[in-house]
There are 2 protein chains.
Amino acid sequence: MNTNMDMTDSELSEKLRAVGLRATRPRLDLARLLFQGENCHLTAESLHEDVQQAGLKMSLATIYNSLHQFTEAGLLRQVVVDSARSYFDTNTSDHHHFFISNENRLIDIPAEKVSVSDLPDVPAGLDITGVDVIIRLHKA
Amino acid sequence: MNTNMDMTDSELSEKLRAVGLRATRPRLDLARLLFQGENCHLTAESLHEDVQQAGLKMSLATIYNSLHQFTEAGLLRQVVVDSARSYFDTNTSDHHHFFISNENRLIDIPAEKVSVSDLPDVPAGLDITGVDVIIRLHKA
DNA sequence: ATTTGTGCAAATCGTTTGCATCTGA
DNA sequence: TCAGATGCAAACGATTTGCACAAAT
């Protein structure tokens, strides 16, 4: 599977359809920004800026809706680190995060670098849906 | 130091003054609810309800302000698990959390129960301000 | 007396929704 | 064709702020 700069529009369309999303113009525009190249951590606002810098127009509402659709479809992962704003991560594999609180910046930590051992018993009738490790950093 | 049901008002006042906060009536009312007895995890809303159930009146604004003052003073700890709402924890010691997402409920995990090993190098010029481990649970 | 805190209501900010209009399959 | 998507603007909920009043040292 392709993952980077070299994805063509039809490959992106395919990626969307593969998860049950119609390959509409706005969704393709977003997919191009999200799944090509750099953009790893983003907020609705930052993505909106990227859209504008790409010379495109899209309402914030559509961006919010699309981010959630992508997330539900498994193309993005939501990262809860800041009560002020929602972050999304194009890396959906198992991993953790540094969060630099005075820069609002996230950095990935590979899953293997952190071992969580001896989890206490999970109360009966409950399933684990995820384990998040957030290492909060502060720039001196 | 006292920690529970048996704290008198003057001990609570002392606790507030010890961290540089004037022992005002509203702050004492909150301290009584927070630092006596059960209340471990709370939101501004839930605390507001507790205030009312205690037969008191206090504006939400004052509750928000007080929660932040208490947090900055080190009497509370903020727990970021849900983008919809801020949680606070009266347990300020080092520990982690289960979060039951479809019940909006937190459960403490003692720090020793989780070992985070081999942290990757922290980028130069950055300090660790905290390590949060959140185990997300879902009631079947 | 002076500083600090409170309460209210209005403002703010991120996010969601209703609805009329478009558009992809 | 026509279910599904979009865009706008209005609604929303949590949180914050401005300001006149009240209380603490």
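Since this is a predicted model, take the numbers as computed values, not measurements. Order of the sequence lines sets the chain letters (A, B, ...), proteins ahead of strands, with each chain counted from 1. These numbers come from the heavy atoms of this one structure, side chains and all, not from hydrogens, waters or symmetry mates.
Listed by chain and residue number, B/Arg77 satisfy the side chain to side chain contact (heavy atoms under 4.5 Å, CB included) test with B/Thr92 (two or more places apart in sequence, or in another chain). Scored by the salt bridge (Lys or Arg N to Asp or Glu O under 4.0 Å) test, B/Asp89 finds no partners at all (sequence neighbours excluded). Under the side chain to side chain contact (heavy atoms under 4.5 Å, CB included) criterion, A/Arg17 pairs with A/Ser13, A/Glu14, A/Ala23, not counting sequence neighbours. Residues meeting the side chain to side chain contact (heavy atoms under 4.5 Å, CB included) test with A/Ser93, sequence neighbours left out: A/Asn91, A/His95. Residues forming a side chain to side chain donor-acceptor pair (under 3.5 Å) with B/Asn102 (at least two apart in sequence, or on another chain): none. Qualifying side chain to side chain contact (heavy atoms under 4.5 Å, CB included) partners for A/Asp94, counting only residues two or more places apart in sequence or in other chains: A/Ala111.
Atom P of nucleotide C/dA25 and atom CD of A/Glu14 are separated by 11 Å, given to the nearest angstrom. A/Leu42 places its CG atom 15 Å from the C1' atom of C/dG14, with the value rounded to the nearest Å. Going from atom CG of B/Asp29 over to atom P of D/dA24 covers 11 Å, rounded to whole Å.
At distances below 3.5 Å, at least one donor-acceptor pair connects side-chain atoms of B/Arg27 with backbone N or O atoms of B/Arg22. A side-chain donor-acceptor contact under 3.5 Å links A/Gln36 to the backbone of A/Met7.
For the pair A/Ala61 and B/Ala23, both in contact range of DNA chain D, the more 5′-proximal nearest nucleotide belongs to A/Ala61.
More than 12 non-hydrogen atoms from other residues, nucleotides or ligands lie less than 6.0 angstrom from CZ of B/Arg85.
For the OP1/OP2 pair of C/dT16 and a distance below 4.0 Å, the side-chain nitrogens and oxygens of A/Tyr64 include no atom meeting the criterion. Distances shorter than 4.0 Å separate none of the side-chain N or O atoms of A/Arg17 from OP1 or OP2 on C/dG24. Note on B/His68: every side-chain N or O is 4.0 Å or more away from OP1 and OP2 of D/dT15.
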Table of protein N/O atoms under 3.5 Å from nucleotides 19-22 of chain C N/O atoms:
none

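B/Leu60 shares a hydrophobic cluster with B/Tyr64; the chain of contacts runs through ILVMFWY side chains whose heavy atoms sit under 4.5 Å apart. Members clustered with A/Val80: B/Val80, by chain and number, using a 4.5 Å side-chain heavy-atom cutoff among hydrophobic residues.
Of the residues in residues 76-85 of chain B, B/Ala84, B/Arg85 come within less than 4.0 Å of DNA chain D through at least one heavy atom, sorted by number.
The OG1 atom of A/Thr43 sits 7.5 Å away from the CD atom of A/Glu49 when rounded to the nearest 0.5 Å.
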request  = Treat primed atoms plus P, OP1 and OP2 as sugar-phosphate and everything else as base, then score nucleotides 1-6 of chain D 5' to 3': B for base contact with protein heavy atoms under 4.0 Å, S for sugar-phosphate contact only, - for none.
outcome  = --BSSS

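Checking A/Asp132 against A/His96 by side-chain atom types alone, no donor-acceptor pair falls below 3.5 Å.
No engagement by B/Thr43 is indicated, since no non-hydrogen atom pair under 4.0 Å with the nucleic acid exists.
Taking the screw axis at each terminus of the helix from C/dT12-D/dA14 to C/dA25-D/dT1 from five consecutive base pairs, the angle between the two is 30° to within rounding of 10 degrees.
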